[in-house]
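Index from 1, following the sequence.
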Amino acid sequence: MNDPSVFLLAVHNHQPVGNFSSVFEKAFEDCYRPFLRELHKHPAIKFAAHYSGPLLEYMGEKERECLDILKDMVASGQVELLGGGFYEPILTILPEEDRQGQLRMMNEFLEDHFQIRPRGVWLTERVWEPTLPKTLARAGIEYTLVDEEHFHYAGIQNLYAYYITEDEGYPLKIFPIDKKLRYLIPFQTLPDIESYLEEIKAQNGLAILGDDGEKFGLWPGTKKWVYEEGWLAKFLSFLEEKNIQTQTYSEVMDRRPPAGRVYLPPASYEEMMEWVLEPEDAAFFKRLKDENPTEARRYLRGGFFREFFLKYLESNHLHKRMIMISRKVNRTSNEAARKELYKGQGNDPLWHGVFGGLYLPHLREAAYEHLLKADALVPSESGWHIGDYDQDARAEAIWQGRTFGLLLKPAFGGSLVEIDHFPLSRNLMDVLSRRKEAYHVRQLSQTNGKGKSIHELAKELPAGSENFIRCDRHPRYSALDHFLHPETTLEKFQTAAYDEQGDFIDQPYDIRVREPVLRLHREDVWVAGEKIPVCVQKEIEPQGQEIMIRYMIRNLADKTTHLKFGSEWNFYQIAEEIAVSQNEVRLCGGRIRFEVFPRPEIWHFALQTLSQSEKGYDIIHQGFCLLPWWSVTLSGGEEFRAQVLLRDHRGT
């Protein structure tokens with residue numbers, strides 16, 4: 001009798017911190033619960049499962065049936081649970097202390113609730129960097145799974161086996177996830193799957209599959225295919241009837257030695273390494289792949305996960321704020337702050353691909369909520385602090401009070417990058433800029449999605465999409481100083497089709513601190529091609545529950561000049577939260593007032609983006625832009641003064 005095939009299955013299940021409760025409910029109803037029920041009927045079929053911390057916590061509170069089934073399957077040896085960072089962070093972008101803390105939190109949870117210590121981890125988004133073996137081994141971890149692409153880049157030919165690597169002498173075993181199996185299961189027919197498993201068996205190899213559990217019912221079209229049409233039940237019966245042996249990953253390690261040693265370069269799965277590229281680079285990379293044989297794949301690697309911090313300034317800012325707060329928290333023994341920090345370290349709002357991720361305001365808002373709660377639990381010393389928080393070799397100014405927190409970039413127009421309101425644990429300026437994406441120009445004809453992976457589904461740009469495909473001329477910061485061409489209209493400003501007569505937006509301001517006032521200063525404006533010496537001075541003074549910004553515009557020339565001066569502010573608010581009047585804007589349902597003097601004209605408009613998701617395309621509200629502006633005529637030496645007041649309006 002021939003030896004049976006060996007099939008290793010790992011399912012990874014995750015919902016991010018801050019996702020809507022309706023999404024959790026649907027995920028359990030359509031996917032997680034029916035999957036566990038079906039597998040529970042086949043106790044001889046072994047597999048590995050990973051549930052991220054948010055799902056484990058949710059099960060404990062609202063899905064006791066799933067938790068009980070899972071406990072039973074773990075106790076019987078049918079399921080091997082995988083560990084990982086509890087709140088699903090990208091481990092490689094965390095400080096080492098937080099890596100260990102997240103891993104330890106998951107280890108302790110699994111030990112408390114399932115009486116096991118995980119030997120393996122699910123690596124978030126399969127993001128690998130060569131220092132991971134030391135991190136994981138120190139946490140008591142023996143193995144992980146990554147995509148086969150990682151092994152191609154290392155020149156490995158045999159992908160039907162597992163390997164061992166090390167860093168500083170700390171060992172780690174690694175299983176390559178078979179890409180063909182990822183696309184076959186559950187999207188293709190059983191004969192197609194059987195044929196490929198026979199190929200692997202002929203080489204005495206391991207059939208290794210690790211992928212998102214959401215593909216079994218939550219991805220578009222899969223609920224009908226997997227459950228209503230019975231694909232999963234048929235597949236499990238097929239495994240039993242064909243004598244295909246299922247094992248856990250630990251069982252394989254205990255029975256077979258690794259096939260050899262390997263050193264993997266930084267990588268993630270193939271699609272991720274394309275999503276991180278800028279549109280022009282993505283198009284060029286696609287041409288390279290099309291023009292070269294598959295043997296060249298070792299040398300065609302796409303991008304690197306950390307490049308999302310270059311592609312999206314908002315991702316970089318969120319990450320560097322997390323690092324800043326992590327350093328504060330880890331200087332203390334405040335466990336409540338540490339848990340809030342970990343909740344703010346989830347991966348989802350840091351990147352964007354076929355999933356919404358960074359483009360989804362509620363995920364960014366949740367990350368900031370928990371980071372700001374951690375920040376408030378370990379407050380800073382009073383006063384302004386000057387330092388380079390984002391490591392761009394340019395100093396920033398930071399201030400934190402009990403009500404408001406400010407982060408300002410003197411090198412970029414003296415602009416405010418973040419305004420925190422601690423009573424609401426909210427970054428008021430969590431606004432995503434509009435930018436060009438590769439899929440904005442990829443119009444594909446729509447096809448029936450049955451039996452297809454979300455990476456294969458064709459998508460078609462919606463009607464009117466050209467109105468949402470706009471590129472902002474600068475990040476959506478605040479306190480940005482505009483000297484607009486006289487013919488600039490609201491429509492031109494909104495569509496970024498206006499002319500700027502100053503260079504104040506993205507250029508450096510001189511900075512001086514005289515507590516509690518931070519003073520910024522810059523000169524020069526261009527009018528009709530002529531350089532006019534105009535000085536802009538703005539003072540930012542936090543005062544308890546208020547932030548005062550004072551503007552002084554001075555004409556340094558000896559002749560009269562006419563200026564259209566505006567101060568741009570961008571806030572993350574939904575329509576129900578904001579109300580605009582002549583010189584006052586109510587934010588957060590009236591809790592916060594934005595007041596401007598002297599009375600300006602205020603332009604305001606919604607900021608919307610067009611992004612792709614697993615279901616197609618989404619038009620997403622990202623916030624509102626406010627531009628108070630004044631038409632100013634100044635004779636030689638004359639000044640114009642204005643004030644912007646942001647204040648907490650409690651009790652209204």
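Look at Arg641 and Glu639 and you find a salt bridge, because one of the NZ, NE, NH1 or NH2 atoms lies within 4.0 Å of a carboxylate O, short of that distance. One finds a salt bridge joining Asp390 and Lys409 here, because a Lys/Arg side-chain nitrogen approaches an Asp/Glu carboxylate oxygen to under 4.0 Å. Residues Arg338 and Asp98 are not paired through a salt bridge, judged by the lack of any N-O separation under 4.0 Å between the basic side chain and the carboxylate. Using a 4.0 Å cut-off between charged side-chain N and carboxylate O, Arg476 and Glu314 make no salt bridge. Ion pairing between a basic and an acidic side chain is recognised when a charged N comes within 4.0 Å of a carboxylate O; Glu546 and Arg647 show no such pairing. Salt-bridge check for Asp481 with Lys538: passed, with a basic side-chain N closer than 4.0 Å to an acidic carboxylate O. The pair Arg586-Glu584 meets the salt-bridge criterion, since a charged nitrogen lies less than 4.0 angstrom from a carboxylate oxygen. Using a cut-off of 4.0 Å between Lys/Arg side-chain N and Asp/Glu carboxylate O, Glu418 and Arg321 are scored as salt-bridged. Salt bridge absent: Asp648 and Arg593 never bring a charged side-chain N and a carboxylate O closer than 4.0 Å.
Annotation: ring-ring contact (aromatic ring centres under 6.0 Å, His included) contacts of His604 (sequence neighbours excluded): none. Under the rule for a salt bridge (charged side-chain N to carboxylate O under 4.0 Å, His left out), Lys343 has no partner lying at least two apart in sequence or in another chain. Not counting sequence neighbours, the partners of Lys436 by the salt bridge (charged side-chain N to carboxylate O under 4.0 Å, His left out) test are Glu280. Take Arg473 and apply the side-chain hydrogen bond (donor to acceptor under 3.5 Å, both in side chains) test, not counting sequence neighbours, and it matches no residue. Considering only residues two or more places apart in sequence or on other chains, Thr332 meets the side-chain contact (heavy atoms from CB on, under 4.5 Å) condition with Asn334, Val378. Listed by chain and residue number, nothing satisfies the ring-ring contact (aromatic ring centres under 6.0 Å, His included) test with Tyr572 (two or more places apart in sequence, or in another chain). For Asp430, the side-chain hydrogen bond (donor to acceptor under 3.5 Å, both in side chains) partners are Arg364, not counting sequence neighbours. Evaluation of the salt bridge (charged side-chain N to carboxylate O under 4.0 Å, His left out) rule for Lys373 yields Glu369 as partners, not counting sequence neighbours. Taking the ring-ring contact (aromatic ring centres under 6.0 Å, His included) definition, one finds that His370 meets it with nothing, sequence neighbours left out. By the salt bridge (charged side-chain N to carboxylate O under 4.0 Å, His left out) test, Arg306 is found to be paired with Glu129, residues two or more places apart in sequence or in another chain being considered. By the ring-ring contact (aromatic ring centres under 6.0 Å, His included) test, Phe422 pairs with no residue at all, sequence neighbours left out.
To the nearest 0.5 Å, atoms CG (Leu350) and OG (Ser315) are separated by 4.5 Å. With rounding to the nearest 0.5 Å, the separation of CD1 in Ile90 from OG1 in Thr124 is 5.5 Å. Leu428 CG to Phe404 CZ: the interatomic distance, rounded to the nearest 0.5 Å, is 7.0 Å. Going from atom CD1 of Ile323 over to atom CD1 of Ile93 covers 7.5 Å, rounded to the nearest 0.5 Å. A distance of 6.0 Å separates OG in Ser380 from CG in Asp375, rounded to the nearest 0.5 Å.
Two rings, from Tyr312 and His319, have their centers 6.0 Å or more apart. The aromatic ring centroids of Tyr509 and Phe412 lie 6.0 Å or more from each other. Taking the six-membered ring for Trp, Trp629 and Phe565 have ring centres at least 6.0 Å apart. Taking the six-membered ring where the residue is Trp, the centroids of Tyr498 and Phe493 are separated by under 6.0 Å. Between Phe483 and Phe504, the ring centre distance stays below 6.0 Å. Phe308 and Phe305 have their aromatic ring centers within a separation under 6.0 angstrom.
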Exercise for the section: Report the C-alpha separation of Arg522 and Asp503 in whole Å, then their side-chain angles, then the decisive distance to 0.1 Å, and conclude whether the salt bridge (charged side-chain N to carboxylate O under 4.0 Å, His left out) test is met. Expected result: CA-CA 10 Å; Arg522 183 172 173 78; Asp503 62 354; 2.9 Å; yes
Practice task
Could you please spell out the steps behind the side chain to side chain donor-acceptor pair (under 3.5 Å) verdict for Glu568 and His474?
Solution key: CA-CA 11 Å; Glu568 179 182 345; His474 54 77; 3.2 Å; yes
Practice task
Evaluate the side chain to side chain contact (heavy atoms under 4.5 Å, CB included) criterion for residues Trp351 and Val127: first the C-alpha distance (whole Å), next the side-chain angles of each, then the deciding distance (0.1 Å), finally the verdict.
Solution key: CA-CA 12 Å; Trp351 62 277; Val127 174; over 6 Å; no
Exercise for the section: Could you walk me through whether Ile386 and Ile511 pass side chain to side chain contact (heavy atoms under 4.5 Å, CB included), step by step? Expected result: CA-CA 10 Å; Ile386 308 299; Ile511 180 174; 4.1 Å; yes
Handout entry: Worked verdict on Glu500 versus His482 for side chain to side chain donor-acceptor pair (under 3.5 Å)
Key = CA-CA 7 Å; Glu500 195 78 56; His482 290 277; 2.9 Å; yes
Problem - Residues Thr609, Gln622; criterion side chain to side chain donor-acceptor pair (under 3.5 Å); working and verdict - result: CA-CA 7 Å; Thr609 56; Gln622 298 292 349; 3.0 Å; yes
Problem - Stepwise side chain to side chain contact (heavy atoms under 4.5 Å, CB included) check, Glu365 with Arg426 - result: CA-CA 7 Å; Glu365 183 178 18; Arg426 188 164 178 180; 3.7 Å; yes
Exercise for the section: Show your working on salt bridge (charged side-chain N to carboxylate O under 4.0 Å, His left out) between Glu381 and Lys328 and close with a plain yes or no. Expected result: CA-CA 11 Å; Glu381 295 181 6; Lys328 288 177 60 179; over 6 Å; no
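The closest side-chain donor-acceptor pair between His352 and Glu437, if any, does not fall under 3.5 angstrom. Tyr551 and Gln537 share no donor-acceptor pair across their side chains, judged by distance under 3.5 Å alone. Side-chain contact of Ser611 with Tyr617: a donor-acceptor pair under 3.5 Å is absent, judged by distance alone. A side-chain donor-acceptor contact under 3.5 Å links Gln102 and Gln345. Checked by atom type, the side-chain pair Asp499/Gln501 shows no donor-acceptor distance below 3.5 Å.
Between Phe355 and Trp275, the ring planes are perpendicular. Angles over 60° get that label, and only those under 30° would be called parallel.
For residues 486-495, the set of pairs meeting the side chain to side chain donor-acceptor pair (under 3.5 Å) definition, not counting sequence neighbours, is empty.
With Val517 as reference, Glu541 is the one residue of Met548, Glu541, Arg512 to meet the side chain to side chain contact (heavy atoms under 4.5 Å, CB included) rule.
Within 6.0 Å of CG in Asp558 there are 12 or fewer heavy atoms belonging to other residues, nucleotides or ligands.
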